[in-house]
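Just so it is clear, the structure is predicted and the values come from calculations on it, not from any experiment.
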Amino acid sequence: MFRRFVWTLLLTTASTVAFAASPRLSIISPRGFQRGTETVTQFSGSQLGDGEQILFYSPGIEVVKVETIDANNCKATVKITPDCRLGEHVAQVRTKTGISDYRTFYVGALPQVDEKEPNSLFDQPQPIALNQTIVGTIGGEDVDYFVVEAKKGQRI
């Protein structure tokens, strides 16, 4: 009986240690890429500092370089081919201790422009051109305003 208890305790402890060492991917930033471009992307979570490979499961996405930022973050230079499928894709980070969970990102056709603050007031919108994707993060109860130039009756 005592021997069974010891084995159960050892197995429980070993599985807890193995789970604690598993890498976790929480967010990919930015969440979107433009076709035909190369971009530096950050992969954040826990236990990602020893990231060795970014796993993509769609053709048209190539990793040029993977670098460590700190114990929980790594970054990769990613090249998106001009013919990469538009829409949602998945990625994982492979580290020395395992493979992270899946997270999604998007590939679009339009040029990207960074959101710039202040743009939280109606009378201070960020001007942008038509046919662009805005890259930014909305946190809490953040509201962002943008303005585009258009002609009366123009479809946008």
Side-chain angles (χ1 to χ4, degrees), residues 11-149 156:
L11 288 174
T12 303
T13 304
S15 65
T16 302
V17 171
F19 180 74
S22 296
R24 295 280 189 183
L25 178 57
S26 300
I27 187 114
I28 299 171
S29 180
R31 291 282 315 272
F33 309 132
Q34 180 187 355
R35 277 201 295 205
T37 64
E38 186 172 295
T39 185
V40 176
T41 305
Q42 183 167 329
F43 297 83
S44 302
S46 61
Q47 312 273 338
L48 297 175
D50 61 347
E52 295 184 325
Q53 184 180 17
I54 308 300
L55 304 171
F56 295 109
Y57 299 97
S58 301
I61 305 168
E62 175 189 339
V63 177
V64 177
K65 177 171 56 169
V66 178
E67 301 173 73
T68 297
I69 297 175
D70 58 35
N72 296 317
N73 299 280
C74 63
K75 65 181 179 179
T77 303
V78 179
K79 183 186 286 187
I80 309 296
T81 62
D83 62 344
C84 184
R85 177 181 58 81
L86 296 175
E88 188 175 30
H89 297 263
V90 297
Q92 291 179 286
V93 178
R94 185 180 64 77
T95 69
K96 292 178 182 175
T97 57
I99 298 177
S100 73
D101 20 14
Y102 294 97
R103 287 292 173 255
T104 61
F105 65 94
Y106 298 86
V107 172
L110 301 175
Q112 296 181 330
V113 61
D114 290 332
E115 174 204 5
K116 293 189 173 101
E117 297 288 350
N119 67 344
S120 298
L121 300 174
F122 185 77
D123 60 348
Q124 294 180 341
Q126 177 182 343
I128 59 164
L130 289 175
N131 299 319
Q132 291 185 329
T133 300
I134 300 161
V135 178
T137 303
I138 297 175
E141 295 183 18
D142 186 25
V143 175
D144 294 324
Y145 293 95
F146 303 92
V147 64
V148 297
E149 190 173 317
I156 58 173

Report summary line: Quick note, ring-ring contact (aromatic ring centres under 6.0 Å, His included) partners involving residues 58-80, not counting sequence neighbours, are none
Requested in this report: Could you tell me whether the side chain of Gln34 and the main chain of Ile80 form a donor-acceptor pair under 3.5 Å?
Outcome: no
Query raised in the report: Val135 and Pro30: which non-hydrogen atoms are nearest, and at how many Å?
Result: CG1-CB, 3.8 Å
Report task. Using modelled atom types only, decide if a donor and an acceptor are shared between the side chain of Glu115 and the backbone of Asp144 within a distance under 3.5 Å. Result -> no
Requested in this report: Output the distance between atom OG (Ser100) and atom CZ (Arg94), rounded to the nearest 0.5 Å.
Outcome: 11.5 Å
Requested in this report: Begin from the C-alpha positions of Phe33 and Ile61 and carry the test side chain to side chain contact (heavy atoms under 4.5 Å, CB included) through to its verdict.
Outcome: CA-CA 10 Å; Phe33 309 132; Ile61 305 168; 5.7 Å; no
**Report entry** Distance in Å, Ile128 CD1 paired with Lys116 NZ, rounded so as to fall on 0.5 Å steps
**Finding:** 11.5 Å
Query raised in the report: Would you call Arg31 and Thr104 a side-chain contact if the rule is heavy atoms closer than 4.5 Å?
Result: yes
**Report entry** Taking every non-hydrogen atom, the tightest pair across Gly51 and Val66
**Finding:** O-CG1, 3.6 Å
Query raised in the report: Side chains of Thr97 and Pro23: does their closest heavy-atom pair fall under 4.5 Å?
Result: yes
Query raised in the report: Of all residues at least two apart in sequence or in a different chain, which pass the side chain to side chain donor-acceptor pair (under 3.5 Å) check with Asp70?
Result: Asn73
Query raised in the report: Nearest heavy-atom pair of Pro111 and Asn131: which atoms, and what distance?
Result: CD-O, 3.4 Å
Report task. Supply the atom-to-atom distance Thr95 OG1 to Gln47 CD, rounded to the nearest 0.5 angstrom. Result -> 8.0 Å
Query raised in the report: Shortest non-hydrogen contact from Ile54 to Ala76?
Result: CG1-CB, 3.8 Å
Query raised in the report: Do other residues, nucleotides or ligands put more than 12 heavy atoms under 6.0 Å from Ile156 CD1?
Result: no
Report summary line: Minimal heavy-atom distance between Gly49 and Thr68, with the atoms involved, is O-OG1, 2.6 Å
Requested in this report: Could you tell me whether the side chain of Arg103 and the main chain of Ser26 form a donor-acceptor pair under 3.5 Å?
Outcome: yes
Requested in this report: Step through the shown structure and confirm whether more than 12 heavy atoms of other residues, nucleotides or ligands are within 6.0 Å of CD on Glu117.
Outcome: yes
Query raised in the report: Which heavy atom of Pro59 sits nearest a heavy atom of Cys84, and at what distance?
Result: O-SG, 3.8 Å
Query - Heavy-atom side-chain contact between Arg35 and Leu86 under 4.5 Å - result: yes
Query - Partner residues of Tyr145 under the ring-ring contact (aromatic ring centres under 6.0 Å, His included) criterion, sequence neighbours left out - result: Phe122
Query - Set of ring-ring contact (aromatic ring centres under 6.0 Å, His included) partners for Phe56, sequence neighbours left out - result: Phe105
Query - Spacing of Leu25 atom CG and Ser46 atom OG [to the nearest 0.5 Å] - result: 9.5 Å
Report task. Please confirm whether the backbone N or O of Leu48 pairs with a side-chain atom of Asn72, one donor and one acceptor, at under 3.5 Å? Result -> no
Query raised in the report: If you round to the nearest 0.5 Å, how far is OG of Ser58 from CD of Glu88?
Result: 10.0 Å
Requested in this report: Quick one: list whatever passes ring-ring contact (aromatic ring centres under 6.0 Å, His included) with Phe43, sequence neighbours left out.
Outcome: none
Query raised in the report: Under a 4.5 Å cut-off applied to non-hydrogen side-chain atoms, are Asp101 and Arg24 in contact?
Result: yes
Report summary line: Residue pairs passing the side chain to side chain donor-acceptor pair (under 3.5 Å) test with at least one member in residues 74-83, sequence neighbours excluded, are Thr81-Asp83
Report task. Could you grab the distance from atom OH of Tyr102 to atom CD1 of Ile28, nearest 0.5 Å is fine? Result -> 12.5 Å
Query raised in the report: Any chance the side chains of Thr37 and Thr39 put a donor and an acceptor closer than 3.5 Å?
Result: no
Query raised in the report: Can you find a heavy atom in the side chain of Gln132 that is under 4.5 Å from one in the side chain of Leu110?
Result: no
Requested in this report: Answer whether the closest heavy-atom distance between the side chains of Ile134 and Val113 falls below 4.5 Å.
Outcome: yes
